[in-house]
Amino acid sequence: MSIRLNIRELVSKLLAEHGHTEAFNDDDSLILSGLLDSLAVVNILVFLEQEYNIDLSDLYFDQSTFDSIELIVEFVLENQPAANISIDNS
């Protein structure tokens, strides 16, 4: 599965858990808009560490880094080990 689709699936699940079942775009605000809370951000971080082998311990980021699917995909592409990259913009 592509990075974008994998992240979209996770975010859809998190949004559903927060009662949001409406369609959303990859550039829609997720956190700053209040759709997802800080616990959802923690879930996203754990997912990125486990799924993409990203070591978050030395990286600077804040919640706005993960405010949309687009931003999360960019973060993964910039920080994941090169051997794991599978890009698909579907």
Side-chain angles (χ1 to χ4, degrees):
M1 183 180 300
S2 76
I3 293 169
R4 182 175 308 280
L5 290 176
N6 211 12
I7 291 170
R8 185 169 248 292
E9 185 176 289
L10 170 69
V11 169
S12 293
K13 180 181 141 217
L14 292 171
L15 285 170
E17 289 173 2
H18 285 81
H20 304 288
T21 56
E22 302 85 24
F24 63 95
N25 295 313
D26 287 354
D27 59 350
D28 288 350
S29 173
L30 301 169
I31 299 156
L32 300 177
S33 67
L35 291 175
L36 295 178
D37 59 17
S38 57
L39 184 56
V41 173
V42 171
N43 286 320
I44 291 169
L45 294 175
V46 169
F47 174 82
L48 296 179
E49 282 187 320
Q50 292 174 346
E51 188 71 20
Y52 299 108
N53 300 315
I54 297 174
D55 181 4
L56 297 168
S57 62
D58 291 331
L59 298 175
Y60 172 78
F61 56 86
D62 60 27
Q63 288 189 356
S64 65
T65 304
F66 307 100
D67 194 42
S68 71
I69 301 279
E70 284 292 330
L71 292 171
I72 298 168
V73 170
E74 279 180 36
F75 181 83
V76 170
L77 292 174
E78 290 172 3
N79 294 290
Q80 105 178 94
N84 296 331
I85 296 177
S86 166
I87 302 171
D88 180 3
N89 288 325
S90 341

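Note that the numbering runs from 1 along the sequence shown for the chain.
A distance of 11.0 Å separates CZ in F75 from CD1 in I44, rounded to the nearest 0.5 Å. We find the OH-CD1 distance between Y52 and I72 to be 10.5 Å, quoted to the nearest 0.5 Å. We find the CG-CZ distance between N25 and R8 to be 7.0 Å, quoted to the nearest 0.5 Å. Atom CG of residue N6 and atom CD1 of residue I69 lie 10.5 Å apart, to the nearest 0.5 angstrom. One distance of note links CG of L14 with CG of L39; it measures 8.5 Å at 0.5 Å rounding. Between the CG atom in L32 and the CG atom in D67 there is a gap of 4.0 Å [rounded to 0.5 Å].
S33 meets the side-chain contact (heavy atoms from CB on, under 4.5 Å) test with S29, L35; sequence neighbours excluded.
Side-chain contact check for L59 versus L56: some heavy-atom pair is nearer than 4.5 Å. In this structure, the side chains of L10 and E51 stay at 4.5 Å or more apart for every pair of heavy atoms. L36 has its side chain out of reach of F66: every pair of non-hydrogen atoms, C-beta onward, lies at least 4.5 Å apart. Residues D62 and T65 are in side-chain contact: their nearest non-hydrogen atoms beyond the backbone lie under 4.5 Å apart.
Panel note: side chain D55, backbone S57; a donor-acceptor pair is recorded below 3.5 Å.
Across all their heavy atoms, V41 and I31 have their closest contact at CG2-CD1, 3.4 Å. The two residues S64 and L71 have their closest heavy-atom pair at O-CD1, 3.4 Å. Closest of all the heavy-atom pairs between E49 and I54 is CG-O, 3.2 Å.
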